[in-house]
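These notes concern the structure reproduced below.
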Amino acid sequence: MSDRTTTGTAAAVAGPLLLGVRHHGPGSARAVRAALDAARPAAVLIEGPPEGDALLPLAADPQMRPPVALLAHAVDDPGRAAFWPLAEFSPEWVALRWALAHDVPVRFIDLPATHSLALKEPVGDQPGEQPGEETAPAPGGEEATPRVDPIRVLAETAGYDDPERWWEDVVEHRSPAADATADALAPFTALAEAMTALREAYGDGGHPRDAVREAYMRIQLRTARKEFGDGVAVVCGAWHVPALAARTTLAADRALLKGLPKVKAEMTWVPWTHRRLARHSGYGAGIDSPGWYGHLFGAADRPIERWMTKVAGLLREEDRFVSTAHVIEAVRLAETLAAMRGRPLAGLSETTDAVRAVMCEGSDVPLALIQDRLVVGETLGEVPDSAPAVPLQRDLTRSQRTLRLKPEALERELDLDLRKETDAARSRLLHRLRLLGIGWGEPAEGRGSTGTFRESWRLRWEPELHVRVAEAGVWGTTVATAATAKAESQALAATALSEVTALAEHCLLAGLPEALPVVMKALADRAALDADVGHLADALPALARSLRYGDVRSTDTAALAGVAAGLAERICVGLPPACTGLDADGAEALRRQVDGVHSAIGLLVAGATPAEAEATPAEAEAAPVEAGAEAGATPAGGLRDRWGAVLRKLAGRDTVAGIIRGRATRLLLDEGRLTEDEAARLMGLALSPGTPPTDAAAWIEGFVGGASGGGMLLVHDERLLSLVDAWLTGVPADTFTDVLPLLRRTFSAYEPGVRRTLGELVRRGPVPEGARNDGTDHAYPGFGPGLDADRADAVEPVLHLLLGRTPVPVEATA
């Protein structure tokens, strides 16, 4: 290959025009456009995977809006993927659009994706690759060579301590007016000379695989010169320019490519985001300020004034007072700082300092918003519908349009009312995608109702989700069929009962009736074989929630109800023996499981028919068992009494761990199955002098600890508070330090107002027994001995109003 290449003005000089650039740089992009306008090449060659040549015409489609990226993935292993992101200010994108606009042939000439995806190490200027930060593995197991950052070396040579600031001063901040009057090819000549010197000093610079890529690019350049002559322009990373201009033989280049591994690869365009361009790892592109770069590239003139105007507009949207005078003063300060620092144009650091001083009154808090919204930005690109895509992606796109769920780079909250058909369909789609591992949406805590008819999501579309979609394509061609197939596969592969119950819940949420028979069979098999009460207790809450969701989503859950009832029955039988002989950690874990089972049984009873809910134990025994239920399973109506009997056993057995006895007592009291006198008697026994202080403290933790409302119970029931107070004051000094951490954990969970009221009640002291029963308010206003019927009745009109019923006049309740 001839070494007669040109990077200078001499358009008449023979040889290809090598335009060395820095990826994603507005200055480089403007320089490339000026060079192409001046040279008018016969063809344009761009660093990129040749499989993308068929997709290049799509760049001229009106629907194509950068930032976008070429996505290549292995057909047999979609998770093996690579992106080539392009922004509006990327030199490669500018060259591509210029060639399409001028009807000039354009091609990619980098190593094909079929090879780069097959290699163990990424090949190419991979997104996020920061030369100098890592070491590259040398071929043949040789010692790794430190990577060289050419920009840093040139900056240090020029006397700069910051390579980014040097590059901005030399390239990015060149004004468009200056570029128009300067030699269009001069920047590339100077950069090529600098890179040639660096390559002579550092060789491959710690990038051993560059030799393979550059060999392939030289072969493609030879082919283009034979077809189009020397009037060929090459847009590539500046680091590669010396290698492309070097004199080599075709045989030597082909030898470097011999034996490269291959995989079958597919490629398409996908939307990208400015936030992804700003990331230095994963699929990012490694630039810190894509929003700022986009502004510099798009501003026709006066870029600092236009930037300050954007900043002022953003701050005004956030209700901050920013006037025109602020904008003028910020521009002046930025330009003054640039002059003092010897910069040709105010950069991002100068504008940021000026904004902080003038518009933010010295505060860094508003700067975080500016950094997020403007410096980085949330721009999400678009690709035309005609771009190739896997069938699953096309089905997802159709569903998104039908349900009016547009992918957005900016995170947003979505509240759904499942009684509405569209919202229910949106919920099913999001749950199906989560099952497939496509995390577009994550469930969030709702800001309004917490009932089953409401659902809240946090949505955010990330570019790598296209890879997850491609991976999920192995399960089916539509979201519904793919989610069904994966659910069935997971059900057969699950080894733990809790995994299958969670999967059953997910199938109901996602609306996958075809997967339920397989999941239910696996659930019944696992439930029959699992004898661990803890496993059963972990599994039951998910089943109960699934039954609750089934009512809202009109799903047939009869078989699920039978399995849930069978699990509940087995838990009732096996729980009491399992609660003995536990250490502190085991007792706490089982206490949480008791809470979960109690809530689950409440849901099961609430979801039963009126006849089942009111059934006596004898009637429940005689009731037919639902299809799919285990033998001997008690229908929902009988679970209430059966569970109550279990709680009584737990509350009354001394061999049961104290924290579980205390929680069982509290649950019985809340359910009305235990009178206040009985609760006081059990507390008195648990806190008797013969009980070890640690066991008594554990009982208190179970009774009034956590988020069970125990603080308010002590506030309104002075007998229980007196028992706790009397026990606490009687704890011996030598054991007080042992129980203090547990008590501190118990009472620190109360709200400050509850703790303050408890302190005031304790300071006041116990109420005499006669005063407690005299029927009058005593000593402390608001805390009477019993229910005040008149005050309670006055609340009814408000409750009717909140529930949407006809308000009842207060007089009618008197």
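Distance alone, capped at 3.5 Å, places no donor-acceptor pair between the Asp395 side chain and the Thr478 backbone. The main-chain N or O of Gly511 is found under 3.5 Å from a side-chain atom of Arg432 such that the two form a donor-acceptor pair. No donor-acceptor distance shorter than 3.5 angstrom exists from the side chain of Arg661 to the backbone of Ala651, with no hydrogens or angles considered. Without hydrogens or angle criteria, Glu671 side chain to Leu668 main chain gives no donor-acceptor distance under 3.5 Å. The main-chain N or O of Asp595 is found under 3.5 Å from a side-chain atom of Ser599 such that the two form a donor-acceptor pair. A donor-acceptor contact shorter than 3.5 Å links the side chain of Arg648 to the backbone of Arg673. Checking side-chain atoms of Ser427 against main-chain N and O of Asp423 turns up no donor-acceptor pair under 3.5 Å. Within the 3.5 Å criterion, the main-chain N or O of Arg398 finds a donor-acceptor partner in the side chain of Thr402. A distance-only check finds a donor-acceptor pair linking the side chain of Arg426 to the backbone of Leu403 [under 3.5 Å].
A salt bridge between Lys486 and Glu488 is absent, with no side-chain N of the basic residue lying under 4.0 Å from a carboxylate O of the acidic one.
Atoms CZ and CD, on Arg458 and Glu413 in that order, are 5.0 Å from each other to the nearest 0.5 Å. To the nearest 0.5 Å, atoms CG (Leu430) and CG (Leu416) are separated by 7.0 Å. Note: Cys507 SG to Met520 CE = 10.5 Å, rounded to the nearest 0.5 Å. With rounding to the nearest 0.5 angstrom, the CD atom of Glu569 is 12.0 Å from the CH2 atom of Trp643. Between the CG atom of Leu436 and the CZ atom of Arg434 there is a distance of 11.5 Å, given to the nearest 0.5 Å. With rounding to the nearest 0.5 Å, the separation of CD in Glu471 from NE2 in His466 is 13.5 Å.
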Where do Lys406 and Arg401 land on the side chain to side chain contact (heavy atoms under 4.5 Å, CB included) test, with the steps shown first? CA-CA 7 Å; Lys406 183 180 180 181; Arg401 290 178 178 172; over 6 Å; no
The test is side chain to side chain contact (heavy atoms under 4.5 Å, CB included); show your working for Val646 and Ile571 and say whether it passes. CA-CA 9 Å; Val646 171; Ile571 291 171; over 6 Å; no
Start with the C-alpha gap between Val479 and Ile438, add the side-chain angles, then the distance that decides, and say whether side chain to side chain contact (heavy atoms under 4.5 Å, CB included) holds. CA-CA 11 Å; Val479 175; Ile438 304 171; over 6 Å; no
Between Glu678 and Arg681, is the salt bridge (Lys or Arg N to Asp or Glu O under 4.0 Å) condition met? List the steps. CA-CA 5 Å; Glu678 290 177 307; Arg681 182 182 65 82; 5.6 Å; no
Side chain to side chain contact (heavy atoms under 4.5 Å, CB included), that's the test. Do Leu523 and Leu503 meet it? Break it down for me. CA-CA 9 Å; Leu523 178 58; Leu503 185 60; over 6 Å; no
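The heavy-atom pair separating Leu650 from Cys579 by the smallest distance is CD2-SG, 3.8 Å. The nearest pair of heavy atoms linking Asp793 to Pro797 is O-CD, 3.7 Å. When every heavy atom of Val573 is checked against every heavy atom of Pro577, the shortest pair comes out as O-CD, 3.8 Å. Across every non-hydrogen atom of Leu392 and Gly473, the tightest pair is CD2-N, 3.6 Å. Heavy-atom minimum distance, Leu429 versus Leu405: CD2-CD1, 4.4 Å. Taking all atoms of both residues into account, the shortest heavy-atom contact from Ala494 to Val500 is CB-CG2, 3.6 Å.
Between Trp461 and Glu408, the closest side-chain pair of non-hydrogen atoms is not below 4.5 Å. With a 4.5 Å cut-off on side-chain heavy atoms, Leu435 and Leu509 do not count as touching. With contacts defined as side-chain heavy-atom distances shorter than 4.5 Å, the pair Arg275/Arg460 qualifies. Side-chain contact between Asp417 and Arg454: present, with at least one pair of heavy atoms (C-beta onward) separated by less than 4.5 Å. Using a 4.5 Å heavy-atom cutoff, the side chains of Leu414 and Ser456 are not in contact. Residues Pro78 and Val467 are not in side-chain contact: their nearest non-hydrogen atoms beyond the backbone lie 4.5 Å or more apart. Leu575 has its side chain within reach of Val594: a pair of non-hydrogen atoms, C-beta onward, lies under 4.5 Å apart. Counting heavy atoms from C-beta outward, Pro576 and Arg653 have side chains that approach closer than 4.5 Å.
The environment of CD in Glu514 is sparse: at most 12 heavy-atom neighbours from other residues, nucleotides or ligands sit within 6.0 Å.
Between Trp457 and His431, the two ring planes are perpendicular [angle over 60°; tilted spans 30° to 60°].
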